[in-house]
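Here's the structure we're looking at; comments come further down.
Note that this is a predicted model, so its numbers are computed, not measured. Heavy-atom basis, side chains included; hydrogens, waters and symmetry copies ignored. Lettering of chains follows the sequences in order, A, B, ..., and the numbering in each one begins at 1.
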Protein chains: 2
Amino acid sequence: MSASRASRSLRAGIGSGNDGTRRHNLSTVLTTIHHHDPMSRSEVTRRTQLNRSTVGALVTELVELGLAYETPPEEQAQRGRPSPIVHPNSKVSALVVNPDVEALTLGLVGLGGVVHKRVRHALDRKPSPREAIDVTVDLVKGMGEELERDYRVIGVGLAIPGLVRNRDGLVRRAPYLDWTSEPFAEHVSRALGLPTFAGNDASVAMISESLYGAGRGVSNLVYLNGFLVGIGGGVMVAGVPLVGEDGYAAELGHTVVSEGSLRCHCGRLGCLETEVNFLRLREAMSGDPVDLYDLDSVLTTTTDRGLLLEAERQINVLAEAIANFISVFNPEVVLLGGFLGSLEAAFPDLVRRKVYESSFAPLAENVRIERATLRTPLPLLGSAELAFTPLLRDPAGVALPLAYGGPPAA
Amino acid sequence: MSASRASRSLRAGIGSGNDGTRRHNLSTVLTTIHHHDPMSRSEVTRRTQLNRSTVGALVTELVELGLAYETPPEEQAQRGRPSPIVHPNSKVSALVVNPDVEALTLGLVGLGGVVHKRVRHALDRKPSPREAIDVTVDLVKGMGEELERDYRVIGVGLAIPGLVRNRDGLVRRAPYLDWTSEPFAEHVSRALGLPTFAGNDASVAMISESLYGAGRGVSNLVYLNGFLVGIGGGVMVAGVPLVGEDGYAAELGHTVVSEGSLRCHCGRLGCLETEVNFLRLREAMSGDPVDLYDLDSVLTTTTDRGLLLEAERQINVLAEAIANFISVFNPEVVLLGGFLGSLEAAFPDLVRRKVYESSFAPLAENVRIERATLRTPLPLLGSAELAFTPLLRDPAGVALPLAYGGPPAA
DNA sequence: CTACTTTTGTGGACGGATCGAACATATACT
DNA sequence: AGTATATGTTCGATCCGTCCACAAAAGTAG
């Protein structure tokens, strides 16, 4: 054993004892099987670098806690005694809620990243916090009986299109919903009777990509997602999501780029998200307006001069912004999602060339620019991760419900 | 004990055993006394949240390792048995080298942040890597006998004005020294026969401020230093210095600001460090050119219209850049050093007002903007920290020299 | 000056955690 | 069928921090 549990922090932390060791190892095993679902016990042993005996004991404890189970070994073309497969118990789940301008999406995600359910509730106008909660409670009630019978819901993860204070889930400002200082997480928590955690939608999507998408195994990652309105950002720094002091960090869409002239809803001139913008792209097209998900085919086949010029303008601005993020973060990968991913897919060489031209050369030489891979489950998995975190950190310390008991009696 | 050793990483790490616990606790105690030198044993007990007995054993081990010693209690107006003071052994030291355009500075820094020696060797022109090493070796030889007799040098920390690959200390690009892809750390290591670590000068200065200066206790910190030429940046993210994939992160001086027109040495237009620039400030003055350290008094007393206009222009640009960094990092504090600190000191209200005006309001509302406090020992302490890190992480695992044996025989 | 209170150092017993070795088991290969 | 290999299982050894009882050293009150 040469494991180093020492954090990378320069500052002194606090001491630790045997129970801390146990917690750490239990957490390590549960997290490992959660992020790589079908995995043999021997593989767990190799990954954790723990002793066979120890892993045996840890898995046994996780099974007793109802967090994992073992299945008979798969057929394998390998000598030696087969090792049972350790699975996380996907019935242990998190509710996921993503209120947005056009719709409220609700999901149920189990350990292992299994999306049990996903409901998209279309909205005719942007919801108030009250309405968002009502819709959420209705949707949960709709799946209520099954929820109580079959799943053990440990918490709620919210993905919010705006600034979210991570300490308590206050929505400090969500411009497109027009919410200001709404204690949304607190109200959701009360309405559903579950511990609730909230994050910015793009940051949460970055976590999804990092765990299950194009960002697997990448420790230093810059993620940009082009939504219908606005651009969201998420950053992974040394394997840790960047949150900042209050949780407001990685607002990459609200960095001023050099060629800005339009006023952003945040009050400033020339924000990235005002200059690089799906709606402006759509306005540049002649013909019927396209959907965000149809952009790929349109961009690759179009001969619309106006659209092509606007796309190129936006790519130039985007490249400049990316170059700045590269100077700031020195990432291994820059991941583009949403309509930014469509731009990258349609003009891959142009995007890369412009980024390299706009960069301080030595910084950009090893950066990979790629398209994000996840589509609809995008915010789901990452926000579920928010709700799973306490359990993953201390599997034996979190009281696990036998079943979801429904909202508290009124 | 409710210590959580779990890292904040979402990804699964590796397991840990009893030896890991011991290492962690030994590290915790040594780091604690290193960063808060005079500290009683009972205070260590409180801080680490370990048991009295355990701290006793740990301190004993550190003393046996020659890393700490205890002194009789100070007089205290407090009841109860007095607790001995635990000190880090400041004879355990790191050599620090900071090659720059005008001078090469060498220092000897002991545990506890004690600056034993500091030599500034003026240079008539920017040094080549070869010359920098020769000067360094000469200076070390100059203090050689005493070094061997009185100190136990465990390593070398380099502060470099440029891009440094943290993996191996390669100086990828140092524009003002005109070094490109120089394996400087490796050569220094061979020349002095000591393990050598290198970092960017501003990032290292950020570490100094964070441990001993205006950034004490701040976990999320953006630091900007205005050098004679250029602007360096350093960022603390959740208590961990931002390094990026290769160590090139936090090049905040090389982010493009919106009003740029001059070409930067990095090849781009409108970099922060070309727009906000000490030399341009000096050119705007009538009269004799001032030194970087005289700027404070000049700025506060001047009535020079050209200088005031230029200062205001630079503050406007700086504020815009800071606003972007706030959007990206959501820091608790923004620290300004060098001539940027002088600007802040001379025009505190203007700086703050412009930053707040340029920011996405909710993000800036809690940010403190302050001047950095450390002057000459600035890069020294932080680069020493680089060299101390292995020891602080694993106090029992690093072979400690009885004395510095001098450069290897030629 | 003395007895009391408070705080801290010290040493041994204890429980908990991982490890390593020996043994058992299950598979592939020959 | 026998052998080699890989892994699960069991149990004792080892290490670590904690807890407890006691000693030590200071201030405080009378």
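D:dG8 atom C1' lies 16 Å from atom CD of A:Glu43, rounded to whole Å. The nearest whole Å value for the distance from the CZ atom in A:Arg46 to the P atom in D:dA6 is 10 Å. The nearest whole Å value for the distance from the CG atom in A:Asn51 to the P atom in D:dG12 is 17 Å.
For A:Arg79, the side-chain atoms get nearest to D:dA4 when compared with the rest of D:dA4, C:dA22, C:dT8. Picking from D:dA6, C:dC19, C:dT8 the nucleotide with the shortest atom distance to the side chain of A:Gln78 gives D:dA6.
Residue A:Arg41 places at least one side-chain N or O under 4.0 Å from the OP1 or OP2 atom of D:dG8. Note on B:Arg22: every side-chain N or O is 4.0 Å or more away from OP1 and OP2 of D:dC15. Close to D:dT7, at under 4.0 Å from its OP1 or OP2, lies a side-chain N or O of A:Ser42.
B:Ser53 comes within contact range of at least one nucleobase, with a heavy-atom separation under 4.0 Å.
Looking at A:Thr21, its side chain has no donor and acceptor atom pair within 3.5 Å of the base of D:dC16. Contact annotation: side chain of B:Asn18 to base of D:dC16, donor-acceptor pair absent below 3.5 Å.
Side chain to side chain, B:His116 and B:Glu146 fail the donor-acceptor criterion of an N or O pair below 3.5 Å.
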